[in-house]
There are 2 protein chains.
Amino acid sequence: MNQQTQKVPVPTLERMARYLACLLDLDAKSVETISSADMERYTDVNAAQFRKDLSYFGEFGRPGIGYSVPELTRRISKILKVDREQPVLLVGAGNLGSALAGYPSLSREHFRIAAVFDNNPAKIGHKLWDVDIYDISKIAEVNARSIDARLAIIAVPSAAAQQVADAVVKCGVTAILNFAPVTLRVPREVTVRNVDFVQELAVLSFHLAP
Amino acid sequence: MNQQTQKVPVPTLERMARYLACLLDLDAKSVETISSADMERYTDVNAAQFRKDLSYFGEFGRPGIGYSVPELTRRISKILKVDREQPVLLVGAGNLGSALAGYPSLSREHFRIAAVFDNNPAKIGHKLWDVDIYDISKIAEVNARSIDARLAIIAVPSAAAQQVADAVVKCGVTAILNFAPVTLRVPREVTVRNVDFVQELAVLSFHLAP
DNA sequence: TAGATTGTTAATCGATTAACAATC
DNA sequence: TAGATTGTTAATCGATTAACAATC
């Protein structure tokens, strides 16, 4: 069975992304072959889980041998669609946006911040790292012109997040990474993932001794 | 049954943190009462799920009426231990660390960045927002002196993350929020949560049309 | 009382893991 | 061949959701 006929669990996708990051490291170190037991050592993901995850997408290894690191890297990259360059719109050129745009592992996985948007006149027309900052009202125009991104990162204050989501969806974005701690309303065909580090801290806080 | 006798699923804790953020908003708007069906409208979490989640910790509502927003806020805050101020060590005063320290919702949930650490001599001795930046080698000393934090945020490059984790664990930290895309090795009693936004992007990328 | 909504049980659904035949 | 390791099935485990008696 494959991706078309069977739907892939979200936890599997999350782990696939982990495997890829790990494999890119191994590949950089010129490791050639790896077994599922080795992967467990690197990622803490159960070896059976690893093999099961891969099985949603096909066959990747050789019994008795293991997996070719370069080949597995290539094939997972393709599955996650990071074998090609993926342009990303970044909305919000504040502290967080700036940190995200400068993140080293972005380019390694073929994500490219293609344009930055902000509503602060002091920033518009300047650059964030190497990327032009445009007025938020220009999203549609800029994206249509040449970028044609379908991925957007929302790194604006909570109060503005929904409007920004509406705007990026209108210009063709179908996947949003949202850093504002609010529930975004989007059409069903748009995928949203939320990152809320205060929520993460709260979960950790629960585990503290009294 | 309660927290002592039954273990709470991690997804429940994650949602508890969401509920709290939502309730803080509602409380700020002076909403007095809310039903589980209302909560579903705000958070997209199924109403039965919401009630089930709360049931791990006791009884919170009144049949026919719903939940008192101030009371529920107070009680969830207590469960997540954010009813008191929680000091947090931030390691890494780069772009990301800076963005995190300045995050507005931190203080609302009673987290306080109590000290910042970096290995860049140009930063040590200065401040990040209002907080002193110390040399990384001083973690134990600074934390012992007065802060006594048990929560730490690691926002340093991947290559340094494990050493930093070792250092904070040694000085009494039992919960770590890790932004470096590596698997940290820590003693069993230490809780780690990872935030990896490139991984999040990769999951989104999978969902893009070919 | 009648209507609303909780807390909890039981049913469903889905994800993880162990086991093992197939195969390199 | 013997040993190692895959891919997949079946068993286990855990989380979600529907249903409903209790109760405000």
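Since this is a predicted model, take the numbers as computed values, not measurements.
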Secondary structure string for DNA chain D (Watson-Crick or G-U under 3.5 angstrom, | for other-strand pairs): ..||||||||||||||||||||||
[atom1] of [X] versus [atom2] of [N]: gap in Å, rounded?
X: B/Phe50; N: C/dT5; atom1: CZ; atom2: P; value: 13 Å
X: A/Ile34; N: D/dA4; atom1: CD1; atom2: C1'; value: 15 Å
X: A/Met16; N: C/dT16; atom1: CE; atom2: P; value: 14 Å
X: B/Glu40; N: D/dT16; atom1: CD; atom2: C1'; value: 12 Å
X: B/Gln49; N: C/dG7; atom1: CD; atom2: P; value: 15 Å
X: B/Glu59; N: D/dA22; atom1: CD; atom2: P; value: 14 Å
X: A/Ile65; N: C/dA22; atom1: CD1; atom2: C1'; value: 14 Å
X: A/Met39; N: D/dT5; atom1: CE; atom2: P; value: 15 Å

Please name the pair of heavy atoms, one in [X] and one in [Y], separated by the smallest distance, quoted to 0.1 Å.
X: A/Thr43; Y: B/Thr183; result: CA-OG1, 4.0 Å
X: A/Leu80; Y: A/Ala17; result: CD1-CA, 3.8 Å
X: A/Ala93; Y: A/Ile133; result: CB-CD1, 4.2 Å
X: A/Ala161; Y: A/Ile154; result: O-CD1, 4.1 Å

With DNA chain C as reference, determine whether A/Arg62 or A/Asp53 sits nearer its 5' end, using the nearest nucleotide of each.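 Per heavy-atom nearest nucleotide, the more 5' residue is A/Asp53.
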Given [options], identify the nucleotide with an atom nearest to the side chain of [X].
X: A/Pro63; options: C/dT17, D/dT6, D/dT17; result: D/dT6
X: A/Phe60; options: D/dG7, D/dT16, C/dT8; result: D/dG7
X: A/Lys52; options: C/dT16, D/dT17, C/dA15; result: C/dT16

For A/Tyr67 and A/Phe50, I'd like to know if the aromatic rings sit close, meaning centre-to-centre distance below 6.0 Å.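 Between A/Tyr67 and A/Phe50, the centre distance is under 6.0 Å.
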Under 4.0 Å, counting only non-hydrogen atoms across every strand here, what does B/Arg51 touch: a base, just sugar-phosphate, or nothing?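 Since a base atom lies under 4.0 Å of B/Arg51, the category is base.
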Using a 4.0 Å heavy-atom cut-off, does A/Ser36 contact any base of the nucleic acid, only the sugar-phosphate backbone, or nothing at all?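 Sugar-phosphate, backbone atoms only, no base.
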Think [X] has a side-chain N or O under 4.0 angstrom from the OP1 or OP2 of [N]?
X: B/Arg15; N: D/dA15; result: no
X: B/Tyr67; N: D/dC24; result: no
X: B/Asn46; N: D/dA18; result: yes

Inspect the contact between B/Arg108 and B/Asp25 and indicate whether a charged nitrogen and a carboxylate oxygen are less than 4.0 angstrom apart.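 Salt bridge between B/Asp25 and B/Arg108, a charged N being under 4.0 Å from a carboxylate O: yes.
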May I ask you to establish whether B/Arg75 and B/Phe60 are in a cation-pi arrangement, using a distance under 6.0 Å from NZ or CZ to the six-membered ring centre and at most 45° from the ring axis?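 Relative to the ring axis of B/Phe60, which defines the angle, B/Arg75 lies inside both limits.
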